[in-house]
**Student:** 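Can you keep this structure in mind? I'll have questions shortly.
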Amino acid sequence: MPNIRNVAIIAHVDHGKTTLVDGLLKQSKTFRENEAAMSQVLIMDSNDQERERGITILAKNTAVTYEGVKINIIDTPGHADFGGEVERTLNMADGAILVIDAQEGPMPQTKFVLKKALELGLKPIVVINKIDKRDARVDEVLSRTYDLFLDLAVNESQLEFPVYYAIGREGKAWAEMPADPTAEADLTPIFEAILHSIPEPEGDVNRPFQMLVSALDWDSYQGKYAVGRIRRGFVKPGMSIALLTANGAMQNARVERVYVSQGLQRAEVDRAEAGDIVALTGIKTAGISDTIADPQNPEALPAIAIEEPTLKIAVAANTSPFSGREGKFVTGRQILDRIQQELEHNVSMRLEIGSEGQFILSGRGELHLSVFIETLRREGFELQVGKPQVITKEVDHTIVEPVEELTIDVASDAVGSVTGEVGRRKGLLLSQEENSDGTVRLLFEITTRGMLGLRNQLLTLSRGTAVMNSLFMRFEPVSGAIPKLRNGVLIASEAGKAVAYGLNVAQGRGATFILPQTEVYEGMIIGLNSREDDIEINVTKEKKLTNVRASGSDDAIILTPPTLLSLEQCLDFLEEDELLEATPKGLRLRKKILETTARNKAKKAGS
């Protein structure tokens, strides 16, 4: 198909993939000059959480036209937790643009996405981005990139690739490193590279229709869309097809409408042919990895290979005293229905039904699971969440656990604290090198179990400057226990509204998590103790009024501002006997057993 190119944009998180796609959309005249998109940034990150977090979570398709050639572009996430999105969408492409930060160089996720692209035989184009950074080290980054290709290439032909230099934010690119990056330029070199370096898609339009479902979408107007690349033949509205499910079953259906990408929109067409990426409606039971084929020649395509989850978390209906106050959907049945809907397109997630009304969700990491929990909150669900647990499995009669490669960039004065903390968690330091900006890059090997709660601790030790990235490496036999790494908590002993006097008493024992006038219940966690034990404190207690006046006794109480934890920080904070209550209006940490006497009895019985 000489008039089509299918290309994926891949990179480590925050190396500039989505910004580069913005430039390609704008410079291909996809939008009119007066359209709002021309003044937007991160156009493809349309999801609220994507905009707030500044990361791509969902892979998305768009299409531009350049010199009469349609270019289908797949923007993929850069965070390791969303690797499933990368795995399921790369099979639609024939080539990949690998974007690498000119200062940071290849990072853990760069290695992951490039490995997947080369295994699928995609033709790579390398773009060294952000060459205008003050600490850019283009030559060194390029050298490391060649080393990475040497490590990962499946065949020799993949060691030859074009390299371009870009400032994605300004929509500039060059085929050679420019002497003056402020000079006038545009993204023409990238467009030309796509046309001349990315192979034309293969597929015989005269053979029976065949397509692998790589993504699903839904809207209230058309219902479910089955998205994929046509491998052979053609498709048109009203055509009869056979749906071959991943488990070998077959059912007949009919295509209602055929859509192709056009900028950020879908355009309805009368016919689409081999090589193009399409969205089909009318196939209500389609799932990811299913094959849609000609009913006379129902041949299944190989299913998409997805790596196994490494972390699990228990989710259930909220059982706190505040249950039902703040959410629209509060029952276990409603939560289960929503999880099953998510499983249709979130291919890295798994579900098991646990005991006592619990749903065990498995995913790629804390961020993967917390994004879904945050989505549920925003949709009006109330739920309670347990401590994240590492998934182990049995191999040759031995229990094994996941091990990760951990990269930490940190200021030189915090290196000792960081290595000490990772060492406490049984992490092994592999290398240490100084970055050009004066920070130090530490490379560790550590179990996923040892990484739980590490991000919060590192941010505290480095005064918020540490940047950590990890990449799953392998499974290894379970090592020794990791010591308890957190102090005890401050627990509300009475229900009511927290007052300044009671919180002042609590702050004498540790750091608090709530503001005055926050409603609390017995067993709710309201702070972190400065010692190892849990303490019950009545934060609703007012100061007793007396007729006696003493010097200083009537001074206004000045409280230290509380530590307000994000959703990820709350999950990191949890211990085995604690839960997170997540509702549309807030996050509350609590003990599993709320009543003090019952909790103490359970503690004695357990010890």
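The shown structure was predicted, so the numbers you read here are calculated from the model rather than taken from an experiment. Sequence positions, counted from 1, serve as the residue numbers for this chain.
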**Student:** Any carboxylate oxygen within less than 4.0 angstrom of a Lys/Arg side-chain nitrogen, looking at Arg350 and Glu352?
**Tutor:** no
**Student:** Spell out, as yes or no, whether a donor-acceptor pair under 3.5 Å connects the side chain of Thr310 to the backbone of Pro402.
**Tutor:** no
**Student:** Hey, mind stepping through Glu344 and Lys224 against salt bridge (charged side-chain N to carboxylate O under 4.0 Å, His left out) and telling me if it holds?
**Tutor:** CA-CA 11 Å; Glu344 281 197 12; Lys224 182 184 284 186; 3.1 Å; yes
**Student:** Would you sort out whether Gln27 and Asp186 count as a side chain to side chain donor-acceptor pair (under 3.5 Å), showing the intermediate values?
**Tutor:** CA-CA 8 Å; Gln27 292 187 26; Asp186 59 20; over 6 Å; no
**Student:** Starting at CG of Leu580, measure out to SG of Cys570 and round the result to the nearest 0.5 Å.
**Tutor:** 5.0 Å
**Student:** Please determine whether side-chain contact (heavy atoms from CB on, under 4.5 Å) holds for the pair Val260 and Ile277, giving the CA-CA distance in whole Å, both sets of side-chain angles, and the decisive distance to 0.1 Å.
**Tutor:** CA-CA 6 Å; Val260 296; Ile277 295 172; over 6 Å; no
**Student:** Check for a donor-acceptor pair, side chain of Thr331 on one end and backbone N or O of Gln334 on the other, with a separation under 3.5 Å.
**Tutor:** yes
**Student:** Examine distances only and state if a side-chain atom of Gln158 and a backbone atom of Leu118 form a donor-acceptor pair shorter than 3.5 Å.
**Tutor:** yes
**Student:** Hey, are the side chains of Met468 and Met451 touching, using non-hydrogen atoms and a 4.5 Å cut-off?
**Tutor:** yes
**Student:** Using the side-chain contact (heavy atoms from CB on, under 4.5 Å) rule, take Val227 and Leu216 through it: C-alpha gap first, then chi angles, then the decisive distance, then the call.
**Tutor:** CA-CA 6 Å; Val227 182; Leu216 296 174; over 6 Å; no
**Student:** With a 4.5 Å cut-off on side-chain heavy atoms, are Arg271 and Val235 touching?
**Tutor:** no
**Student:** Without hydrogens or angle criteria, can the side chains of His345 and Asp217 be said to hold a donor-acceptor pair below 3.5 Å?
**Tutor:** no
**Student:** Identify which one of Ile313, Leu383, Leu336 satisfies the side-chain contact (heavy atoms from CB on, under 4.5 Å) criterion when paired with Phe359.
**Tutor:** Leu336
**Student:** Counting only heavy atoms not in Glu394 (residues, nucleotides, ligands), do more than 12 fall under 6.0 Å from its CD?
**Tutor:** yes
**Student:** Going by atom types only, do Ser240 and Asn252 share a side-chain donor-acceptor pair under 3.5 Å?
**Tutor:** no
**Student:** If you take all heavy atoms of Met92 and Asn6, which pair is closest and at what distance?
**Tutor:** O-CB, 3.5 Å
**Student:** Which pair of non-hydrogen atoms, one from Lys70 and one from Asn72, has the smallest distance, and what is that distance?
**Tutor:** CE-OD1, 3.4 Å
**Student:** For the residue pair Thr448 and Val390, what are the closest heavy atoms and their distance?
**Tutor:** C-CG2, 3.8 Å
**Student:** Whether the side chain of Glu192 engages the backbone of Thr188 through a donor-acceptor N/O pair (distance < 3.5 Å, no angle test) should be reported.
**Tutor:** no
**Student:** Are the side chains of Phe381 and Arg377 in contact, using a 4.5 Å heavy-atom criterion?
**Tutor:** no
**Student:** Within the structure provided, determine whether Ile73 and Asn61 are in side-chain contact (heavy-atom separation under 4.5 Å).
**Tutor:** no
**Student:** Would you call Lys17 and Thr76 a side-chain contact if the rule is heavy atoms closer than 4.5 Å?
**Tutor:** yes
**Student:** Should the ring pair His368 and Phe82 be called parallel, tilted or perpendicular, given that the plane angle runs from 0 to 90° and is split at 30 and 60?
**Tutor:** perpendicular
**Student:** How long is the straight-line distance from CE of Met239 back to CD1 of Ile292, given to the nearest 0.5 Å?
**Tutor:** 9.5 Å
**Student:** Charged N to carboxylate O below 4.0 Å: is that the case for Glu299 and Arg207?
**Tutor:** no
**Student:** Output yes when Glu405 and Lys111 qualify as a salt bridge under the 4.0 Å nitrogen-oxygen rule, no when they do not.
**Tutor:** yes
**Student:** Salt bridge check: are Asp22 and Arg169 linked by an N-O gap of less than 4.0 Å?
**Tutor:** no
**Student:** Is a donor on one side and an acceptor on the other found under 3.5 Å between the side chain of Thr245 and the backbone of Ala249?
**Tutor:** yes
**Student:** For Gly363, does its backbone N or O pair with a side-chain atom of Ser348 as donor and acceptor, under 3.5 Å?
**Tutor:** no
**Student:** What orientation do Tyr259 and Tyr225 show, parallel under 30°, tilted 30 to 60°, or perpendicular over 60°?
**Tutor:** perpendicular
**Student:** Return yes if some donor-acceptor pair links the side-chain N/O of Glu374 with the main-chain N/O of Ser370 below 3.5 Å, else return no.
**Tutor:** no
**Student:** Under a plain distance cut-off of 3.5 Å, with no hydrogens placed, do Asn129 and Asp101 share a side-chain donor-acceptor pair?
**Tutor:** no
**Student:** Kindly give the heavy-atom pair with the smallest separation between Phe191 and Ser28, and that separation in Å.
**Tutor:** CZ-CB, 3.9 Å
**Student:** May I have the step-by-step check of side-chain contact (heavy atoms from CB on, under 4.5 Å) for Arg338 and Thr375, ending in yes or no?
**Tutor:** CA-CA 11 Å; Arg338 178 61 182 85; Thr375 301; 3.8 Å; yes
**Student:** So, does Thr281 use its side chain to make a donor-acceptor pair with the main chain of Arg257 at under 3.5 Å?
**Tutor:** yes
**Student:** Would you say the ring centers of Phe472 and Phe475 fall short of 6.0 Å from each other?
**Tutor:** yes
**Student:** Pair Ile125, Phe161 - check side-chain contact (heavy atoms from CB on, under 4.5 Å), show working.
**Tutor:** CA-CA 6 Å; Ile125 295 171; Phe161 49 87; over 6 Å; no
**Student:** Determine whether the side chains of Ser157 and Asn155 contain a donor N or O and an acceptor N or O closer than 3.5 Å.
**Tutor:** yes
**Student:** Ignoring hydrogens, what is the shortest heavy-atom contact between Arg254 and Gly238? Give both atom names and the distance.
**Tutor:** NH1-O, 2.8 Å
**Student:** Please check if the number of heavy atoms outside Arg333 that lie under 6.0 Å from its CZ is greater than 12.
**Tutor:** no
**Student:** Check for me whether the distance between the ring centres of Phe209 and Phe234 falls short of 6.0 Å.
**Tutor:** no
**Student:** Whether the side chain of Asp204 engages the backbone of Asn206 through a donor-acceptor N/O pair (distance < 3.5 Å, no angle test) should be reported.
**Tutor:** yes
**Student:** Does any part of the side chain of Arg231, heavy atoms only, come nearer than 4.5 Å to the side chain of Met211, both counted from C-beta?
**Tutor:** no
**Student:** Which heavy atom of Gly84 sits nearest to which heavy atom of Val347, and what is that distance?
**Tutor:** O-CG2, 3.8 Å
**Student:** Any carboxylate oxygen within less than 4.0 angstrom of a Lys/Arg side-chain nitrogen, looking at Arg266 and Glu268?
**Tutor:** no
**Student:** CD/Glu308 to CD1/Ile391 distance, rounded to the nearest 0.5 angstrom?
**Tutor:** 8.0 Å
**Student:** Picking from Arg364, Gln389, Glu366, what satisfies side-chain contact (heavy atoms from CB on, under 4.5 Å) with Leu311?
**Tutor:** Glu366
**Student:** Is Leu579 close to Val385 at the side-chain level, that is, under 4.5 Å between some pair of heavy atoms?
**Tutor:** no
**Student:** Does the distance from a Lys or Arg side-chain N to an Asp or Glu carboxylate O, for Glu256 and Lys284, drop under 4.0 Å?
**Tutor:** no
**Student:** Indicate whether the side chain of Thr447 and that of Glu401 have a donor and an acceptor atom separated by less than 3.5 Å.
**Tutor:** no
**Student:** Thinking salt bridges, do Asp94 and Arg229 make one under a 4.0 Å N-O criterion?
**Tutor:** yes
**Student:** So does Arg455 pair up with Glu568, basic N to acidic O under 4.0 Å?
**Tutor:** no
**Student:** Are side-chain N/O atoms of Thr319 and Gln384 paired as donor and acceptor at under 3.5 Å?
**Tutor:** yes
**Student:** Is any side-chain heavy atom of Tyr164 closer than 4.5 Å to one of Val126?
**Tutor:** no
**Student:** Return yes if some donor-acceptor pair links the side-chain N/O of Lys387 with the main-chain N/O of Leu574 below 3.5 Å, else return no.
**Tutor:** yes
**Student:** Please report the C-alpha distance between Asp75 and Thr18 in whole Å, then the side-chain angles of each, then the deciding distance to 0.1 Å, and finally whether the side chain to side chain donor-acceptor pair (under 3.5 Å) criterion is met.
**Tutor:** CA-CA 7 Å; Asp75 184 21; Thr18 305; 3.0 Å; yes
